[in-house]
Amino acid sequence: MTQGLGPGDALDDATLCARLARSTGDILTSIRTAGAPDPLLVDSDGLGKSGDKVAQAWIARVLSLHRPDDAILSEEAEDDPSRLNKSRVWVIDPLDGTREYASARNDWAVHIALAVDGEVAESAVGMPEMHTVYTAADYREGRVKADFGELNNRLVISQNSTPQIAVDVAEDLGMEITRLGSCGAKAMSVVRGENDAYIHAGGQYEWDNAAPIGVALAAGLHCSRLDGSPATYNEPDPYLPDLVICRKEIAEDLLASIQKFL
């Protein structure tokens with residue numbers, strides 16, 4: 001059992017979030033280091049799916065010990081409709097960026113978020129290849145200070161798809177497009193100041209963006225749906241296909257540009 005996650009340890013939500021993100025990242029890194037020849041870690045589905053399965057089992061086990069009364073909404077588990085009757089729901093993606101993980105890239109992430117009454121209350125994004133866990137609590141409580149630096153006019157989008165609206169907005173505002181894999185990797189690149197904004201349209205679910213949005217909001221960024229409304233969680237249909245994360249000083253102009261192309 002990873003230190004600090006044993007059944008006898010009393011952990012607050014923020015600490016549990018952070019330790020789950022870090023420990024899951026450690027497990028996934030170990031699996032990738034072991035490689036395909038080890039049948040105990042990697043099955044016939046391939047490295048990425050094996051990582052998903054092992055990480056999901058670990059997170060589910062830890063939450064069953066520490067938060068047995070909470071619900072879980074995960075990409076890698078069957079949806080349990082009883083979660084809709086719960087105030088507290090853990091929204092998780094054990095391995096966001098399976099392609100990147102399986103192809104030895106570093107832009108994959110672990111997403112751990114706790115939604116309370118539809119809003120992200122605690123969240124952590126683990127970036128194991130960067131040896132970093134970003135947490136909402138660190139920014140909220142001042143342990144980490146957001147320093148975005150100067151605006152650089154860069155807009156990050158998916159490595160694996162090209163949303164037309166992002167292309168249109170980039171052209172409208174004269175922004176340079178960059179690409180990364182995981183939603184968490186893209187969102188944290190804005191948190192670090194490497195990009196000014198991140199736009200996504202199509203193909204995401206609550207587990208893809210709950211943790212990244214939680215951290216980004218705590219760091220002082222603007223986060224919303226493309227129409228400017230807030231993202232809400234633990235909905236009957238977890239499909240949540242679009243988002244924008246950006247520096248607050250460009251949010252008005254960015255949203256105005258997005259409206260032209262919706």
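In this structure, the separation between CG on D52 and CD on E75 is 6.5 Å, given to the nearest 0.5 Å. In this structure, CE on M130 lies 10.5 Å from CE on M188, to the nearest 0.5 angstrom. Annotation: the span from D26 atom CG to H131 atom NE2 amounts to 10.0 Å, rounded to 0.5 Å. If you take CG on N152 and CD on E194, they are separated by 9.0 Å, rounding to the nearest 0.5 Å. Residue D208 holds its CG atom at 6.5 Å from SG of C183, rounded to the nearest 0.5 Å.
Using a distance-only test at 3.5 Å, with no hydrogens or angles considered, no donor-acceptor pair links the side chain of D79 to the main chain of L73. For the pair K86 (side chain) and N234 (backbone), a donor-acceptor distance under 3.5 Å is absent. Using a distance-only test at 3.5 Å, with no hydrogens or angles considered, a donor-acceptor pair links the side chain of S23 to the main chain of L20. Judged purely by atom type and a 3.5 angstrom limit, D96 has no side-chain atom pairing as donor or acceptor with the backbone of D93. Remark: side-chain polar atoms of T15 are not paired, donor with acceptor, to backbone N or O of L11 under 3.5 angstrom. Listed for the E206 side chain is a donor-acceptor partner under 3.5 Å among the backbone atoms of E235. Between the side chain of S229 and the backbone N or O of R225, no donor-acceptor pair lies under 3.5 Å.
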Evaluation steps, side-chain contact (heavy atoms from CB on, under 4.5 Å), between V116 and L114: CA-CA 6 Å; V116 179; L114 171 64; 4.1 Å; yes
Quick one, Q204 with L243, criterion side-chain contact (heavy atoms from CB on, under 4.5 Å). Give me CA distance, side-chain angles, the key distance, then yes/no. CA-CA 9 Å; Q204 282 193 358; L243 63 86; 3.2 Å; yes
Between C17 and W90, is a side-chain contact (heavy atoms from CB on, under 4.5 Å) present by the stated rule, with each step listed? CA-CA 9 Å; C17 243; W90 292 84; 3.7 Å; yes
Take R247 and H222 through the test side-chain contact (heavy atoms from CB on, under 4.5 Å) and record every step on the way to the result. CA-CA 6 Å; R247 301 272 292 269; H222 167 87; over 6 Å; no
Determine, step by step, whether Q56 and S74 satisfy the side-chain hydrogen bond (donor to acceptor under 3.5 Å, both in side chains) criterion, reporting the C-alpha distance in whole Å, the side-chain angles of both residues, the deciding distance to 0.1 Å, and the verdict. CA-CA 8 Å; Q56 171 63 32; S74 172; 2.6 Å; yes
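For R83 against P238, the heavy-atom pair with the smallest separation is NH2-CD, 4.0 Å. Nearest approach of P128 to T29, heavy atoms of both residues: CB-OG1, 3.5 Å. Of all non-hydrogen atoms in A187 and I245, the two that sit nearest each other are CB-CD1, 3.7 Å. Closest non-hydrogen pair, I31 versus G51, comes out as CD1-CA, 4.3 Å. Across A55 and T24, no two heavy atoms sit closer than the pair CB-CG2, 3.6 Å. Closest non-hydrogen pair, A219 versus A146, comes out as O-CB, 3.2 Å.
Under a 4.0 Å N-O distance rule, the pair D196/R154 does not qualify as a salt bridge. Taking a cutoff of 4.0 Å between a charged side-chain nitrogen and a carboxylate oxygen, R32 and E129 qualify as a salt bridge. Ion pairing between D168 and K260 fails under the 4.0 Å rule for side-chain N and carboxylate O. A salt bridge does not link D117 with R88: none of the charged nitrogens is closer than 4.0 Å to a carboxylate oxygen. In summary, E122 and R140 engage in a salt bridge, as defined by a charged side-chain N under 4.0 Å from a carboxylate O.
I27 and W207 end up in different hydrophobic clusters when Ile, Leu, Val, Met, Phe, Trp and Tyr side chains are linked at under 4.5 Å. In the hydrophobic clustering of this structure, V89 does not group with L16; members are Ile, Leu, Val, Met, Phe, Trp, Tyr whose side-chain heavy atoms approach within less than 4.5 Å, directly or through other members. Hydrophobic clustering (side-chain heavy atoms under 4.5 Å, transitive across Ile, Leu, Val, Met, Phe, Trp, Tyr) groups Y139 together with L217. Hydrophobic clustering (ILVMFWY, side-chain heavy atoms < 4.5 Å, transitive): L240 and I213 are in one cluster.
A side-chain contact (heavy atoms from CB on, under 4.5 Å) with I112 is found for one member of I92, V133, V125, T135 and no other, namely I92.
Considering only residues two or more places apart in sequence or on other chains, D107 meets the side-chain contact (heavy atoms from CB on, under 4.5 Å) condition with E100, R105, L180, A185. The ring-ring contact (aromatic ring centres under 6.0 Å, His included) search around W108 returns Y101, not counting sequence neighbours. R22 pairs by the salt bridge (Lys or Arg N to Asp or Glu O under 4.0 Å) definition with nothing, not counting sequence neighbours. Looking at residues two or more places apart in sequence or on another chain, you find a side-chain contact (heavy atoms from CB on, under 4.5 Å) between S82 and D80.
Heavy-atom contacts from other residues, nucleotides or ligands closer than 6.0 Å to CG of D12 number more than 12. For E150, the CD atom counts as loosely surrounded, since its 6.0 Å shell holds 12 or fewer non-hydrogen atoms of other residues, nucleotides or ligands. Sparse packing is recorded around CD of E252, with 12 or fewer heavy atoms of other residues, nucleotides or ligands lying under 6.0 Å away. Atom CD of Q159 has more than 12 heavy atoms from other residues, nucleotides or ligands within 6.0 Å. For CD of E171, the number of neighbouring non-hydrogen atoms (other residues, nucleotides, ligands) closer than 6.0 Å is 12 at most.
Hydrophobic cluster membership for I177: L155, I157, I165, V167, V169, L173, M175, I199, L226, V244, L254, L255, I258, F261, L262 (Ile, Leu, Val, Met, Phe, Trp, Tyr linked by side-chain heavy atoms under 4.5 Å, directly or transitively).
Contact annotation: the side chain of L151 approaches that of E249 to within less than 4.5 Å [non-hydrogen atoms, C-beta and beyond]. V110 places a side-chain heavy atom less than 4.5 Å from the side chain of L28. Within the 4.5 Å cutoff, side-chain heavy atoms of Y233 are placed close to those of V120. Side chains of H111 and S123 form no contact here, defined as non-hydrogen atoms less than 4.5 Å apart. The closest side-chain heavy-atom distance from V156 to R179 is not below 4.5 Å. Counting only heavy atoms from C-beta outward, the side chains of C246 and L221 never approach each other to under 4.5 Å. Inter-residue side-chain proximity for P230 and S224 is flagged as unmet; no heavy-atom pair is nearer than 4.5 Å. Looking at M127 and Y134, their side chains come closer than 4.5 Å, going by heavy atoms from C-beta outward.
Among residue pairs with one or both ends in residues 145-200, none qualify as ring-ring contact (aromatic ring centres under 6.0 Å, His included); sequence neighbours excluded.
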